[in-house]
Amino acid sequence: MSLESFCMLTPLRFIRLSTSRGIPADSGTPQTSAMTWTEIRQADIQLDIYGKHAGDRALALETLFASVYGYERIKALDERLAPLYTSAALQTSMINDFSITANVVTSAGAALDANGLMLTDNQLIPAGHVQTFGSAQEVADLLGAQSKEYQAASLYFSGYDNATVLPASLRMTRLVLQDSPGWLLSGSLKGVSLAAIKGLTGTLKLTIDGNVVTSTSVDFSTANTLSDIATALQAAIGSTVTVAWLAQANRFIVRTATTGEGSTVSFAEPGTVATGLKLTQNTAATLSPGSNEQPPADTMNGVVNQDQDWIGFMSLADLTDEQKQSLCAW
């Protein structure tokens, strides 16, 4: 585990503090009237802080959660939340980390799910998109079992000893720390043999940066590895793209040669090669638009506009002090 400064929030348990209460919304007609239900629940959340000055930061948060200022700030974020108390910060013997448990009451509406948000610079997460994973294995299937995202997700989903509630899902979004290309990522080719792919023949049709591009007829017959397949495919499409085989993810990726907001690549039109390489929409391929470098705070604003069903975030990206300050200010 990295010794860089980061923190992790883990839901420990939910405790019901009231019975369910109905909230009628009577419009006068059965067709448009509704009934919603609410209850008050206590959420115990453990916050682990790692890295340099972790103790100082834990004490600062302990003080913040117990203050009127902290109460008002949390209520301003969501009126359904109210901080109850925080335990004293404790140092563990793991890697100079400190833990505090914040206790929060949720009420007056549907309770928030105890999901976390992970920020990463992994380029296999589409730019501008919040991706949901239901297990650590799903993270491994996309990003590889050796990725830092999978290792963090394994800790996240396993929870802590004696935890009564485990996270239901993990949100993940990408920090675009430099201008990036658009890409087309194939569906998983796990279990597909090299021999089967070598037998594919035909052309591939894509729209790249707004222009329709049709490859020359592909010839995989001399390929000895899946990386050779990627090289042959790139030669057939031309210099507008780069093609690579991602061994950890068992997928091909087609990246545009350009970067920035105007950089795009489409799903491949269905055909023998496109379907065999799983580069079509119907074979679970995915797209990411190109993007200009984006400040972390702007990324977070985009996340909130898409998905608010999470209670805290962590970053696996190597950020500058300025970028860390931007996230703290957000």
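Because the structure is predicted, anything quoted here is derived from the model rather than measured.
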Counting N and O atoms only, with roles assigned by atom type, does the side chain of [X] sit under 3.5 Å from a partner on the main chain of [Y], one being a donor and the other an acceptor?
| X | Y | value |
| --- | --- | --- |
| Glu138 | Gly134 | yes |
| Ser154 | Ala136 | no |
| Glu62 | Ala58 | no |
| Arg255 | Trp183 | no |
| Asp179 | Glu293 | yes |

With rounding to the nearest 0.5 angstrom, report the [atom1] to [atom2] distance, [X] to [Y].
| X | Y | atom1 | atom2 | result |
| --- | --- | --- | --- | --- |
| Thr132 | His129 | OG1 | NE2 | 7.0 Å |
| Gln42 | Ile15 | CD | CD1 | 4.5 Å |
| Ile125 | Leu119 | CD1 | CG | 11.5 Å |
| Leu316 | Met118 | CG | CE | 5.0 Å |
| Gln306 | Arg171 | CD | CZ | 11.0 Å |
| Trp245 | Leu226 | CH2 | CG | 4.5 Å |

Any link between [X] and [Y] through a network of hydrophobic side chains (Ile, Leu, Val, Met, Phe, Trp, Tyr) touching at under 4.5 Å?
| X | Y | result |
| --- | --- | --- |
| Phe220 | Leu206 | yes |
| Tyr71 | Leu61 | no |
| Leu177 | Leu327 | yes |
| Leu189 | Ile253 | no |
| Leu277 | Val265 | yes |

For [X] and [Y], work out which heavy atoms get closest and say how close.
| X | Y | value |
| --- | --- | --- |
| Ile197 | Val192 | CG1-CG1, 3.9 Å |
| Thr214 | Lys205 | OG1-CG, 3.6 Å |
| Ser169 | Asn115 | OG-OD1, 3.2 Å |
| Asp121 | Asp318 | OD2-N, 4.3 Å |
| Leu175 | Ser315 | CD1-OG, 4.1 Å |
| Ala268 | Ala274 | CB-CB, 3.6 Å |

- Query: For Ser180 and Arg174, what are the C-alpha separation, side-chain angles and deciding distance, and is it a side chain to side chain donor-acceptor pair (under 3.5 Å)?
  - Reply: CA-CA 11 Å; Ser180 60; Arg174 178 173 145 208; 3.0 Å; yes
State, with a plain yes or no, whether a side-chain heavy atom of [X] is found less than 4.5 Å away from one of [Y].
| X | Y | result |
| --- | --- | --- |
| Tyr150 | Leu143 | no |
| Leu117 | Asp307 | no |
| Tyr156 | Phe133 | no |
| Ile208 | Ile237 | yes |
| Thr275 | Thr283 | yes |
| Asn122 | Lys148 | no |

- Val218 pairs by side chain to side chain contact (heavy atoms under 4.5 Å, CB included) with which of Val273, Thr272, Ile229?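 Single pass found, and it is Val273.
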- Item | Identified side chain to side chain contact (heavy atoms under 4.5 Å, CB included) partner of Trp310 from the options Leu170, Val130, Val303 |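 Of Leu170, Val130, Val303, side chain to side chain contact (heavy atoms under 4.5 Å, CB included) with Trp310 is met by Val303 alone.
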- Item | Electrostatic pair Lys190-Asp141, nearest N-O below 4.0 angstrom |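 Not counted as a salt bridge, because no side-chain N and carboxylate O are separated by less than 4.0 Å.
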- Message: Looking only at the side chains, is there a donor atom on one of Asp219 and Ser221 sitting less than 3.5 Å from an acceptor on the other?
- Response: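 Note: Asp219 and Ser221 side chains meet the donor-acceptor criterion.
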- Message: If the condition is salt bridge (charged side-chain N to carboxylate O under 4.0 Å, His left out), which residues does Asp209 pass it with, not counting sequence neighbours?
- Response: none
- Query: Taking only residues two or more places apart in sequence or in another chain, which ones pass side-chain hydrogen bond (donor to acceptor under 3.5 Å, both in side chains) with Thr225?
  - Reply: Asp228
- Message: Run Leu142 and Gln131 through side chain to side chain contact (heavy atoms under 4.5 Å, CB included) and show every step you take.
- Response: CA-CA 11 Å; Leu142 177 62; Gln131 193 147 345; 3.5 Å; yes
